[in-house]
Amino acid sequence: MATTHTLGFPRIGARRELKFALEAYWKGASSRDELVRVGADLRKRHWQDQGALDLVPVGDFAFYDQVLDMSFTLGNLPDRVKGFHGDALDNYFRVARGRSAETPGEHGGEHGGCCGVAAGEMTKWFDTNYHYIVPEFDAGTSFTLDASRLLEQFAEARAEGVRAKPVIIGPVTYLALGKAKDGSDRLALLPRLLPVYAGLLQALADQGADWVQIDEPILVTELEPAWRDAFVQAYRALDTGAVKLLLATYFGRLQENLPLACALPVQGIHLDAINARDEVDALIEALPADRVVSLGVVNGRNIWKTDLGATLDWLEPVAGKLGERLWIAPSCSLLHVPVDLAGERKLDEEVRSWLAFAVQKLEEIRILATALTPGQDGGRAAVAAELDANRAAIAARRASPRVNNPAVKAAVAAIGPRLGRRKSPFAARAACQAARLNLPKFPTTTIGSFPQTKEIRQARSRFKAGTLDAAAYTEAMRGEIARSVREQEALGLDVLVHGEAERNDMVEYFGEQLDGYVFSQGGWVQSYGSRCVKPPILFGDIGRPNAMTVEWITYAASLTDKPMKGMLTGPVTILNWSFVRDDQPRSETCRQLALAIREEVLDLEKAGVGVIQIDEAALREGLPLRKSQWQAYLDWAVESFRITANGVEDATQIHTHMCYSEFNDIIASIAAMDADVITIETSRSDMELLDAFDDFNYPNEIGPGVYDIHSPNIPTEAHIVALMRKAAERIPADRLWVNPDCGLKTRQWAEVIPALTNMVSAAKTLRATVA
Ligand SMILES: CN1c2c(nc(N)[nH]c2=O)NC[C@@H]1CNc1ccc(C(=O)N[C@@H](CCC(=O)N[C@@H](CCC(=O)N[C@@H](CCC(=O)O)C(=O)O)C(=O)O)C(=O)O)cc1
Ligand SMILES: N[C@@H](CCS)C(=O)O
Ligand SMILES: [Zn+2]
């Protein structure tokens, strides 16, 4: 019988209990005890949800982020929060969220307390839409063990009667994910780090832990020789016999790292058998015969039912070979999928029958394990009804006429190179656009969203619940748009936006209006901290039955004489932030999205909108984990953007926006997008990110972000001027725009107004002082 387990479970709660508890605590509306209680209740409930498994994870719960938890366990706190004498949980939130000096009153939040503290940097977790707090190092970093969190939760789990498997991030991945602020060699810290890990394993062993899952997903990426050597050094040091180690790899194939992983002195390896099924035989071959082989056979990154029959067809011989050595699990932590399909009341019934969220994925694991169990109570016969139902659902999805639309397939097949080419080169377009828009030097704009206030969200919530009718909802959103336009006019911005009040999310909003999509009511997935997204579900060929944004944008445009920028999300970002179908290549799905958004671009243009922004925030995010696969991805991603954007006339100005930094290695592809204007996140890099554009002689216009929208701090005019002067050293001033790093939806108006006031004044100063 295969041992069943999971690598991690969503912690936000089926009703986002953790989100609401955190936000209440940060606001000062609930106590520390209440927050701690919600955390304990969620852990307990999630262990119960996983109770049918042989081993359940402990340590996958975090109040903010599991990487930040690991930093605290290892005693690796940034210097700026060391020596804090208050509550440890508040110190944790100070690193997670920062704290401004100005406004007292909140717990460990952005505001509150006496002294300002910068938040830890946040970046995405491998190729997911989850973001972690980057560990900070320097040459002097030392580590000290604080095992209390893990030990307490291990004791809690055991008290619940589950067989608990502590989960920790491995030392090599931990170092690889961090940044040395002084440019020092992170690997030099390994000898200091390993004794702390050894101490942690011993402490867990002393409490009765048998297996510990040690996550080393960095093994699915290309590793420099020094990092490969680090694996050998690390796992020799951790081979103390205190506990059994399950080395967990996920999100991809091991490739050249497979022999390295198999040679490490651990007691088992977890392989993502969704992405690396073709490596299973080699893994079994290379592993010593006493090692456990854990196979991730249920996809932890999507929401589709597993084809259980097909999985068993290949798994049965593997189980025959491995016997008791076989463990089965989802491919990775279930953090990346919503909790439970059972809560969905309004989901399209047909599509629903094809889906599995976290709880349903656990049931799939149970069915597979039973089917793999020889004897009277096991084998396929013991789960015949479940397997039949699964077979029927898989077959229905394959055959559904709603999935395949021959007209859409034909349109994609007919895409030729002309579709993605503008009529004239940039210089000629720029002249037409200058004549049409008549903008000053250093034109000012924003990235699209204005604060998503409680009133906006409540109105939408009431509209969706049916207690506010469509006319009243439209009226309320028009009111918000009018407010945004009024504020922007008063601020003196040059190119206005409508503010995106009517959008729940920049991807979900479009998914809701496209054919080929369904959306859940409660399918929330944590993006960072308390922030969640509800990725729409792309199940079939894409169509755009109606214009999606034209009425809102033309309404906004009617309120002002200034240019109004139409605002769309690009095909690559919609793809990367949706749950997408697994029955055709992503590139094919992306081209379908490109054709749909192209229609919207052309409709906006027809309606007289002269500036259209197509956000591609997730273009860089979607890069494959291995560099060797980047170009193939970039080719179809850029082609998709060009198909979307480039059907317009010369006088229509196309903007794109990307809020993730580091363009050096993809600058040729960014240039190939050929947007007239690109706005990017640069403020935190002190404009150094523009070097990539400078070195490449990037030909088009650029809006380098002048302030970090993640922080509540108000940028001063002098700071913005100084940043823009640095920008002008790299990019000719007549090609520079002035704008924030990203959209303002998570900020409050009280922060937005003074920040943009200073930004507009800075632009005026620049016009008067920079040639
Ligand atoms: C730019 N980012 C995005 C990413 N992915 C996306 N799909 N979208 C993004 O914008 N990835 C990278 C980054 C991640 N950053 C963020 C930033 C902010 C959020 C965020 O604010 N999320 C919200 C949820 C947004 C949403 O969908 N809102 C809905 C529903 C709101 C809601 O909860 N309503 C309540 C009732 C309202 C009330 O009483 O207050 C309810 O239904 O119970 C809407 O506006 O209609 C969040 O709150 O977490 C995410 C990622
Ligand atoms: N237009 C979007 C882009 C976010 S990346 C916004 O302003 O929120
Ligand atoms: Zn952005």
Side-chain angles (χ1 to χ4, degrees), residues 12-13 15-20 22-24 27 122-125 127-132 336 343 445-465 467-468 473 476-477 480 484 497-512 519-536 549 565-570 572-579 612-622 655-661 678-683 703 705 708-710 739-747 752:
I12 202 75
R15 286 175 297 284
R16 289 181 294 163
E17 292 88 336
L18 182 58
K19 171 194 174 66
F20 299 121
L22 283 167
E23 290 175 0
K27 256 197 315 209
M122 198 167 60
T123 198
K124 75 197 177 72
W125 175 247
D127 57 355
T128 73
N129 199 0
Y130 176 79
H131 303 71
Y132 68 92
H336 312 290
T445 192
T446 60
I447 304 303
S449 58
F450 276 109
Q452 278 277 330
T453 59
K454 200 166 179 49
E455 292 72 34
I456 295 178
R457 292 210 158 135
Q458 271 170 354
R460 189 158 34 253
S461 177
R462 288 176 52 213
F463 171 50
K464 292 201 167 170
T467 54
L468 188 69
Y473 176 68
M477 292 304 113
E480 296 292 341
S484 293
V497 296
H498 77 297
E500 303 181 27
E502 80 290 5
R503 301 185 187 178
N504 43 7
D505 171 74
M506 61 186 281
V507 165
E508 194 185 2
Y509 177 76
F510 289 95
E512 285 176 353
F519 41 92
S520 65
Q521 274 184 292
W524 293 98
V525 178
Q526 197 175 5
S527 182
Y528 67 87
S530 70
R531 297 285 181 179
C532 299
V533 293
K534 185 146 54 66
T549 62
K565 183 161 63 164
M567 193 59 57
L568 301 174
T569 304
V572 187
T573 299
I574 295 184
L575 179 91
N576 283 334
W577 288 348
S578 298
F579 284 122
I612 301 171
Q613 179 172 309
I614 305 165
D615 291 325
E616 283 296 16
L619 188 133
R620 200 200 142 86
E621 265 203 12
H655 289 219
T656 190
H657 161 71
M658 292 183 194
C659 42
Y660 290 91
S661 39
I678 181 168
T679 55
I680 54 173
E681 174 187 322
T682 36
S683 70
D708 174 17
I709 58 88
H710 296 107
N739 46 261
D741 268 349
C742 185
L744 300 164
K745 65 183 171 194
T746 56
R747 300 261 57 94
V752 164

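What you see is a predicted model, and the numbers here were worked out from it, not measured in a lab. Counting convention: from 1, in listed order, for ligands and their atoms alike. Start at 1 with the first residue, then count along the sequence.
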N/O donor-acceptor pair under 3.5 Å between [X] side chain and [Y] backbone:
X    : Y    : value
R503 : F510 : no
Q613 : K565 : no
T569 : D615 : no
T467 : R462 : yes
S683 : D708 : yes
T656 : I678 : no
E17  : F20  : no
R747 : H710 : yes

For [atom], which protein heavy atom lies nearest, and how many Å away is it?
atom                    : result
atom 14 (C) of ligand 1 : S527 OG, 3.3 Å
atom 13 (C) of ligand 1 : Y660 OH, 3.8 Å
atom 2 (N) of ligand 1  : W577 CH2, 3.8 Å
atom 16 (C) of ligand 1 : Y528 CE2, 3.6 Å
atom 4 (C) of ligand 2  : M506 SD, 3.5 Å
atom 11 (N) of ligand 1 : N129 OD1, 2.7 Å
atom 9 (C) of ligand 1  : D505 OD1, 3.5 Å

Sub-4.0 Å atoms of ligand 1 with respect to non-hydrogen atoms of [X]:
X    : answer
S461 : 36 (C)
K454 : 40 (O)
T746 : 18 (C)
Q458 : 38 (C), 39 (O)
W524 : 24 (C), 26 (C), 27 (O), 30 (C)

Ring geometry between Y132 and W125 (parallel below 30°, tilted from 30 to 60°, perpendicular above 60°) = perpendicular
Check each atom of ligand 2 against the heavy atoms of [X] and keep those under 4.0 Å away; list them by number with element.
X    : result
C742 : 4 (C), 5 (S)
H657 : 3 (C), 5 (S)
I447 : 1 (N), 7 (O)
A617 : 5 (S)
G448 : 7 (O)
G743 : 6 (C), 7 (O), 8 (O)
C659 : 5 (S)

Pick whichever of [options] has a heavy atom sitting closest to [atom].
atom                    : options                : value
atom 25 (C) of ligand 1 : Q452, R457, R531       : R457
atom 50 (C) of ligand 1 : G522, C532, A501       : C532
atom 29 (C) of ligand 1 : D615, I574, V507, N504 : N504
atom 47 (C) of ligand 1 : K19, K124, R16, R15    : K19

Quick check for you: to the nearest 0.5 Å, what is the distance between [X] atom [atom1] and [Y] atom [atom2]?
X    : Y    : atom1 : atom2 : value
K19  : R531 : NZ    : CZ    : 5.5 Å
T549 : M567 : OG1   : CE    : 10.0 Å
T682 : M658 : OG1   : CE    : 13.5 Å

task = Have a look at the Zn ion (ligand 3) and estimate, to 10 degrees, the angle subtended by SG (C659) and SG (C742).
result =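 C659 SG and C742 SG form an angle of 110° at the Zn ion (ligand 3).
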query = For ligand 1, does H131 get within less than 4.0 Å through its side chain, its backbone, both, or neither, judged by non-hydrogen atoms?
reply =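 Side chain only.
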Mind listing the closest non-hydrogen atom pair of [X] and [Y] along with its distance?
X    : Y    : value
T446 : P740 : CA-CD, 3.9 Å
T573 : V507 : O-CG2, 3.8 Å
V525 : P535 : CG2-CD, 4.1 Å
W577 : M506 : CZ3-SD, 3.9 Å
C532 : I12  : SG-CG1, 3.7 Å
I680 : D741 : O-OD1, 3.9 Å

query = Is the shortest distance from a heavy atom of K534 to ligand 1 less than 4.0 Å?
reply = no
Residue-ligand contact K745/ligand 1, heavy atom below 4.0 Å = yes
request  = Taking only Lys NZ, Arg NE, NH1 and NH2, and the carboxylate oxygens of Asp or Glu, determine whether K27 and E23 approach each other closer than 4.0 Å.
outcome  = no
Short N/O distance, under 3.5 Å, between [X] and ligand 2?
X    : result
Q613 : no
K745 : no
M567 : no
D615 : yes

inquiry  = With a cutoff of 4.0 Å, is E500 in contact with ligand 2, counting heavy atoms of the residue only?
reply    =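 Right, E500 reaches ligand 2.
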remark   = Short version for S449: what comes under 4.0 Å of ligand 2, heavy atoms counted, is both
message = Would R460 count as being in polar contact with ligand 1, using the rule that some N or O on each side must be under 3.5 angstrom apart?
response = yes
